[in-house]
A.B. asks: 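Got a structure for you, questions after.
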Amino acid sequence: MPELPDVEYFRKYLNSTSLHKKIIGVEVKNSKIIGRVSPAALKKHLNGSKLKITKRHGKNLFAGLSNKKWLTMHFGMTGYLKYYKNKEDVPGHVRLLINFDNGYHLAYDCMRMLGRIDLVDDLSGYIKMKKLGIDPIEDKLSFKEFSELFNNRNGSIKTGLMNQSILAGIGNIYADEILFQADIQPGSNIKKLNEDDLKKIYQKMNSVFKKAISVNADHEELPGNYLLTHRKPGEDCPKCSGKIKKQTIGGRSSYFCNKHQKKK
DNA sequence: AATATTGTTCAGCA
DNA sequence: GTGCTGAACAATAT
């Protein structure tokens with residue numbers, strides 16, 4: 001699930017549950033999800049410290065520690081956070097567990113283990129090292145800047161939107177949603193899009209993310225004319241009388257309406 | 001039982 | 001060096 005709106009929700013979740021509490025224990029359940037830092041060093045720096053502040057860049061969540069280090073979290077395809085107290089609330093695939101002095105626990109759960117947690121000194125260095133592009137929401141991207149990102153680019157617009165080194169935060173689901181709302185087929189070539197097409201994509205990117213963030217990325221709460229809850233081949237298009245088609249673009253399943261979404 | 005899955009990285013190539 | 005494509009990674013659900 002974790003694309004930009006989901007991670008923004010995780011950030012708020014962390015803010016409302018886990019800040020300013022003393023960490024009294026850290027359990028690395030599976031070291032595969034730990035990045036460059038060693039599990040021992042991670043434990044050493046977390047223990048006795050507190051989470052003070054949160055930031056997000058694209059699909060990455062950062063928590064600033066009272067000892068000046070930053071905890072970085074990426075959620076892969078199946079990661080999420082769970083703050084709980086009672087044993088019966090332990091999620092099924094905990095990879096990292098942080099214990100607070102109030103008896104509560106913060107679990108990083110990641111079934112498929114494609115997510116990563118790390119500890120760094122310098123956030124901008126981390127973002128550079130990961131080659132992350134601009135965060136369209138956090139960095140308040142203008143249309144001019146957006147449009148310039150796609151100058152002299154090749155490939156499909158969907159692949160471009162999902163390229164994290166161009167824009168950080170758009171994944172498969174929201175790329176489909178933005179293009180569905182912008183009435184442009186995901187397989188359209190970037191070079192064939194005109195200024196108006198790009199403007200529409202820019203505007204829909206902002207409105208879709210704003211809406212998704214406002215409902216904490218809960219799909220059930222999204223408007224009825226969103227593709228998200230109709231992402232199945234043969235399903236009726238929620239915007240027109242067309243049917244939803246499925247096609248592989250850039251190696252990923254893409255869903256779109258071939259009636260109101262124009263192929264360029 | 002084969003197939004699909006919301007993400008990133010890296011090899012291969014132009 | 002840069003940019004693009006597709007496979008690999010892993011564990012589960014249908």
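Chain naming here is simple, since letters A, B, ... match the order of the sequence lines and numbering starts at 1 in each.
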A.B. asks: In whole Å, measure the gap between the P atoms of C/dA8 and B/dT3 for me.
C.D. replies: 15 Å

A.B. asks: With a 3.5 Å cut-off and just heavy-atom distances, do the side chain of A/R252 and the base of B/dG7 make a donor-acceptor pair?
C.D. replies: yes

A.B. asks: Base, sugar-phosphate, or nothing: which does A/G251 touch, judged by heavy atoms less than 4.0 Å apart?
C.D. replies: nothing

A.B. asks: May I ask you to check whether A/Y104 and A/Y83 place their ring centers less than 6.0 Å from one another?
C.D. replies: yes

A.B. asks: If I take atom CG in residue A/N163 and atom P in nucleotide C/dG6, what distance separates them, rounded to the nearest angstrom?
C.D. replies: 14 Å

A.B. asks: Does the separation of the ring centres of A/F180 and A/Y255 fall below 6.0 angstrom?
C.D. replies: no

A.B. asks: Quick check on the hydrophobic clustering: are A/M162 and A/L228 connected, directly or via other members, by side-chain heavy-atom contacts under 4.5 Å?
C.D. replies: no

A.B. asks: Would you say a side-chain N or O of A/K130 is under 4.0 Å from OP1 or OP2 of B/dT9?
C.D. replies: yes

A.B. asks: Between C/dT12 and A/H93, is there an OP1 or OP2 to side-chain N/O distance shorter than 4.0 Å?
C.D. replies: yes

A.B. asks: Following the transitive rule for hydrophobic clusters with a side-chain heavy-atom cut-off under 4.5 Å over Ile, Leu, Val, Met, Phe, Trp and Tyr, establish whether A/M73 and A/Y13 coincide in one cluster.
C.D. replies: yes

A.B. asks: Could you state the CZ-C1' distance from A/R112 to B/dT9, rounded to the nearest angstrom?
C.D. replies: 15 Å

A.B. asks: If only side-chain N and O atoms of A/K59 are considered, is one of them under 4.0 Å from the OP1 or OP2 phosphate oxygen of B/dG7?
C.D. replies: yes

A.B. asks: 5'-most contact on DNA chain B: A/Y255 or A/Q164, nearest heavy atom basis?
C.D. replies: A/Y255

A.B. asks: Take the protein atom OH of A/Y80 and the nucleotide atom P of B/dT5, then report the distance between them rounded to whole Å.
C.D. replies: 22 Å

A.B. asks: How close or far is atom P of C/dC4 from atom CD1 of A/I190, stated in whole angstroms?
C.D. replies: 7 Å

A.B. asks: Are OP1 or OP2 of B/dT5 and a side-chain N or O of A/S253 less than 4.0 angstrom apart?
C.D. replies: yes

A.B. asks: Identify which nucleotide among B/dG7, C/dA11, B/dA4 has an atom closest to any side-chain atom of A/K246, counting heavy atoms from C-beta outward.
C.D. replies: B/dA4

A.B. asks: So which one's nearest nucleotide on DNA chain C is more toward 5', A/I166 or A/R95?
C.D. replies: A/I166

A.B. asks: A/Q247 has an atom CD; how far is it from atom C1' of B/dA4, in whole Å?
C.D. replies: 17 Å

A.B. asks: Rounded to whole angstrom units, what separation is found between the CG atom of A/L149 and the C1' atom of C/dT2?
C.D. replies: 16 Å

A.B. asks: Please give, in whole Å, the distance from B/dA4 C1' to A/M77 CE?
C.D. replies: 10 Å

A.B. asks: Nearest whole angstrom, please: distance from the P of B/dT8 to the NE2 of A/H57.
C.D. replies: 12 Å

A.B. asks: Ignoring the backbone of A/K32, work out which of B/dG7, C/dA10, C/dC4 is nearest its side chain.
C.D. replies: C/dA10

A.B. asks: State yes or no: are the ring centers of A/F75 and A/Y80 separated by less than 6.0 Å?
C.D. replies: no

A.B. asks: Just checking A/K131: base, sugar-phosphate only, or nothing, at a heavy-atom cut-off of under 4.0 Å?
C.D. replies: nothing

